[in-house]
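Below is one structure; the comments refer to it alone.
In each ligand, atom 1 is the first atom listed, and ligand 1 is the first ligand listed.
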Amino acid sequence: MRKQIAAANWKMNLTYQQAEKLLDEILDARIMPKPHQEVIFAVPYPYLLLTRSEVEEEYHYSASAQNCHHKKSGAFTGEVSAEMLHSVGIQYCIVGHSERREYQHEDGAMLATKINLCIENEIVPIFCCGEPLSIREAGTQNEYVAKQLEESLFHLDAETVSTIIIAYEPVWAIGTGKTASTAQAQEMHQYLRGVLANKFGAEAANEIPILYGGSVKASNAEELFSSPDVDGGLVGGASMVAEEFIEIIKALK
Ligand code: PEP
């Protein structure tokens, strides 16, 4: 079975003490993932090692960075490279979250270089894509999201692309409380899997987990994840409420 994944994205929230408390509350639920399931915490850089040490050994959950720089190393004050993340044992990194596309003006070509650096450093990129409201209203969301995949992933070979994770996150659903309907999510995920199959072959496309992101919560996770092409969720707000995220983990197929 394809990997089913609950990934938390804390964004720029929580103090160290709050982060420790939240992790403790979630870990206290003692949910052991099945072999085909993964639980990932994308946390701010200063909390990566705390998270890794708390979750990795006993629970087999993982810590993830929320970003890495698009250059290998050098005079980029304040930035963090994929190589640095690898050197402290981090195995996942979000690439191309819509907030970074919008506020840091990250474009498809830049994201392609980040994907390459992650892969070179044995980090699994969690590649985010998704359309803004105006595109959804115009009905051109499929072409828009396919182009995002084309710009940042189509230079890879089939074997490599089958190791990454994709998160479809319609921008109009992120942090807004509006969720794509289960049918809308399944429709887009199925379409994206078709785009990947056309480019890389069905075998590779079938291996790629496609997560849904956009106001996932305890009350809608099970229904969203029940769709055949929705392989879990990338969760912002609800991942910072222990009881919510615990239920989201339990909702994985
Ligand atoms: C996100 O941070 O990627 C996200 C989907 O946020 P939220 O769950 O709060 O909509």
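- Near ligand 1, residues Asn9, Lys11, His97, Glu169, Ala173, Ile174, Gly175, Gly213, Gly214, Ser215, Leu234, Val235, Gly236, Gly237 come within 4.0 angstrom through at least one heavy atom.
- For the side-chain hydrogen bond (donor to acceptor under 3.5 Å, both in side chains) test, residues two or more places apart in sequence or in another chain that qualify with Thr160 are Asp157.
- A donor-acceptor contact shorter than 3.5 Å links the side chain of Ser64 to the backbone of Tyr92.
- Within 6.0 Å of the CD atom in Glu203, the count of heavy atoms belonging to other residues, nucleotides or ligands does not exceed 12.
- Rounding to the nearest 0.5 Å places CD1 of Ile210 at 9.5 Å from CD1 of Ile164.
- Side-chain contact between Ile166 and Leu153 is present, with heavy atoms from C-beta onward closer than 4.5 Å.
- The existence of a salt bridge linking Lys250 and Glu247 is confirmed by a sub-4.0 Å separation between a basic side-chain nitrogen and an acidic carboxylate oxygen.
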